[in-house]
Structure formats: C-alpha cells, structure tokens
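Taking it in order: structure first as structure tokens, then the write-up.
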Amino acid sequence: MDNDGPSRTALITAYARAYHQIADRPQIFTDPLAARLLGVTAEELAELGTSTTDHLGAGASDRFRRLFFAARARFAEDAVAAAIAAGVRQVVILGAGLDTFAYRNPLPDLRVFEVDHPATQAWKRERLTTAGIDHPETLTFVPVDFETQTLAAGLESSGFERTDPAVFVWLGVVFYLTPNAAHATLEYIAGQAQPVEVVFDYLQPANSDEDRAHQQQRADRLAGVGEPVFSYFTPDDIAAQLRTLGFTDLEDHSAPDLVTGYLDGSARFGGEPPRALRAIRILRASR
C-alpha cells in the first residue's frame, strides 16, 4: 500500500459503498457518512458509476461488487448489533479503512477500536476533520504497522480490555495476509474473554482452469498496485482452523448467497457474479 495515504482497496470499497446509497434499490446497507467522508457529491459518484477502466470507478460501476461490499458490511453490523444486545461493549474493527460504524454508533458505553496502518489512519483523520465528522469519545484509533508491531501490543496500549467480551470485524483483509499471519490473528481473537465473535471474509481457491486464470488476473492487478494476494482457503480449511481454536458456532456464506439473502427476493443482482468474486465467502464465528 501507499505509505502516504489509504490503501487502494480501502478507497475502492468506500466509493462502492457510497455509490450504493444512491444507485441501488432495494438498499442493502445504509451509510449516510460514506460520501461525506470521501468528499464527493452524488453527481461525482454518478459519474464514477458509469463504465470505466479506472479502479475507483470500476468498484462503483460493478453492481455485484457494490452489492457484495454493502452486504458484507450489513452482515457485520447485524452481528455487532446482536452482540451488543447480548451485553458486549467492545467492538474491534481490524483494517478499518474508511469504515464509518464508529461515527454512527449511538451507544455511549460501546467502545470501538479502529485498527489500521498508520498511513491510512492519518489520511482518514484528515478527511474526518475536513468533512466535519466528529471523533466520538467512544472511538479509539489503534495504528498498527504489522511489520513492526503486533495486534496484541497495539490493542494493549489503547485501553482495550482483554478480559472483557468483544466482537471483531475483519473485512477485506485476510486475502492480503499470509496463512500464518491470518491464523495468528484468529488465535489472538480466540484468546479473548467469552463471549467473543469474529466476522471476516476470505477467498476460496478457484476450482477450474478458467476460474484460476480469472483469479490470477485479479491477483496480478492487485499486486500491480502494491496489494498482493497471499492466501486462499476452502470452507473446510477455515472451519477446521476455527474449531481447533475453540470456535463452535460457524456461519459461512458465499458472496452470491449473502447478496441475494439481503435482497429478500424483491430484486436480483442480475446474471452471474464476476468470476473474481465467486470465491469470496464471509464467515461469522463465535465461541
């Protein structure tokens, strides 16, 4: 990623979520702060939503990609809402990017910890100031450069309570970690006081020559912007790892199933999802 600003994928996700607010009906996920944080108008978003080869525009114009980004955010926030209803008062957002949950959180006793690369957080904080979005007292920024610092050390220094229950949200990150690094993070989460829950998405390896070629093309594009893909998992692999770590309540959805589940039969995303996204799955695990 660019050490002077946010990751390219964080921007693509944010633009897609912002465009979803004006382009898609029914709307899967409501985020009134997405466009404001980016500093773009509805007209500018609409221009990005036209067919384009620009990566930011592609994230907005690709309807299925947009709907998946909206659906995974909705799935995560639904899980957080359920955890809050059960009494959890700590939410950790790993690789937070331009996520806006902390600024929409109405609960004064819910602590939100945003963990991300220092460069991305610095840029986000500048954008928050420019957009006039207040930094709530319930939010703690946790800058972590995983090349020099561990998640445990970063959270420990931020006031996070290891002995209290928590829910972890970890979207759009696992693919960019090595399998060992991804497992180490899951192991850390599993060590949290119960009840603990994690919501994350991952890439499943392609199972045909054609799909492997599409997957490789996508990986090459990401490597070209400095964000190479390092890991793919099968659902069985992930389930085995999680069960070994003590997670027992597993809920795993493919991207198409997640999207159509939120559309509730009132609309379809239309046609086949892009091959590059067929392998994405989202999983909720709790123990």
Test salt bridge (Lys or Arg N to Asp or Glu O under 4.0 Å) applied to [X] - qualifying residues, sequence neighbours left out:
| X | result |
| --- | --- |
| D252 | R281 |
| D24 | R63, R66 |
| D78 | R74 |
| R89 | D109 |

Roughly how far, to the nearest 0.5 Å, is [atom2] of [Y] from [atom1] of [X]?
| X | Y | atom1 | atom2 | answer |
| --- | --- | --- | --- | --- |
| L11 | L98 | CG | CG | 6.0 Å |
| E114 | S158 | CD | OG | 12.0 Å |
| T248 | L242 | OG1 | CG | 10.5 Å |

Q) Is it true that D249 and R243 have a side-chain N and a carboxylate O under 4.0 angstrom from each other? A)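 Answer for the salt bridge query: no.
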(Q) Applying side chain to side chain contact (heavy atoms under 4.5 Å, CB included) to R125 and T129, what does each step give before you reach the verdict? (A) CA-CA 6 Å; R125 296 182 77 159; T129 299; 5.6 Å; no
Q | Parallel, tilted or perpendicular, as decided by the 30° and 60° cut-offs, for the rings of F68 and F64 | A |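 Answer is parallel, since the angle falls under 30°.
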Q.
Between E197 and A79 (side chain of the first, backbone of the second, donor and acceptor by atom type, cut-off under 3.5 Å), is there such a pair?
A. no
Q | Main-chain N/O of T41 paired to E44 side chain as donor or acceptor, under 3.5 Å | A | yes
Q. Can we call the ring centroids of H135 and F141 under 6.0 Å apart?
A.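 Between H135 and F141, the centre distance is under 6.0 Å.
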**Q.** Neighbour count above 12 (heavy atom, 6.0 Å) for E156 CD
**A.** no
Indicate every side-chain donor-acceptor pair of residues 165-186 with a distance under 3.5 Å to a residue at least two apart or in another chain.
residue: T178; atom: OG1; partner: A181; partner atom: N; Å: 3.1
residue: H183; atom: ND1; partner: Q241; partner atom: OE1; Å: 2.7
residue: T185; atom: OG1; partner: A181; partner atom: O; Å: 3.3

**Q.** Ring-face cation of R162 near Y188 (centre distance under 6.0 Å, axis angle within 45°)
**A.** yes
**Q.** Partner set under side chain to side chain contact (heavy atoms under 4.5 Å, CB included) for E77, not counting sequence neighbours
**A.**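 So E77 forms a side chain to side chain contact (heavy atoms under 4.5 Å, CB included) with F29, F101, R104.
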